[in-house]
Amino acid sequence: FADPIPGVALIGNTAAQLITTGEQAKKEASDHISRPVYWQKTINTLHDLGVKYCLEVGNGKVLTDFGEHEKIKTFALSSLSPETFRMATT
């Protein structure tokens, strides 16, 4: 695992904390399979960091379908066109 891209917030769902190294990302990927995830805590952490938009990556849109978040607008990459994203974020 490589270190996250500068300027891109990567938050682990198992601890709802910012991931800053490749080793942390590797541990999170492993933990994500065997531990509960904390979506609402993750949203709160993102909000505290000043994030306005969240992109759900993967197959489907389970987290996006949990409902509208007052703090952050969430989009599922699997069902998002560039035009839809542009319209929703302007």
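Side-chain atoms are counted along with the backbone in the values below, which use heavy atoms only and exclude waters and symmetry mates.
Looking at Q17, its side chain never comes within 3.5 Å of a backbone N or O of G12 through a donor-acceptor pair.
Between N13 atom CG and E28 atom CD the span is 6.5 Å, to the nearest 0.5 Å. Of the inter-residue distances, the one linking T14 atom OG1 with Y38 atom OH reads 8.5 Å to the nearest 0.5 angstrom.
D3 is linked by a side chain to side chain contact (heavy atoms under 4.5 Å, CB included) to T21, counting only residues two or more places apart in sequence or in another chain. In this view, T20 and Q24 satisfy the side-chain hydrogen bond (donor to acceptor under 3.5 Å, both in side chains) rule, not counting sequence neighbours. Shown here are the side-chain hydrogen bond (donor to acceptor under 3.5 Å, both in side chains) partners of T45, two or more places apart in sequence or in another chain: there are none. Residues satisfying the side-chain hydrogen bond (donor to acceptor under 3.5 Å, both in side chains) test with K26, not counting sequence neighbours, are none.
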Derivation of the side chain to side chain contact (heavy atoms under 4.5 Å, CB included) call for I11 and L49: CA-CA 10 Å; I11 307 295; L49 291 170; 3.7 Å; yes
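For residues 29-39, the salt bridge (charged side-chain N to carboxylate O under 4.0 Å, His left out) pairs, not counting sequence neighbours, are K27-D31, D31-R35.
In this structure, I72 is not a member of the same hydrophobic cluster as V37, with clusters built from ILVMFWY side-chain heavy atoms closer than 4.5 Å.
Hydrophobic cluster of L10: the remaining members, joined at side-chain heavy-atom separations below 4.5 Å, are I19, listed by chain and number.
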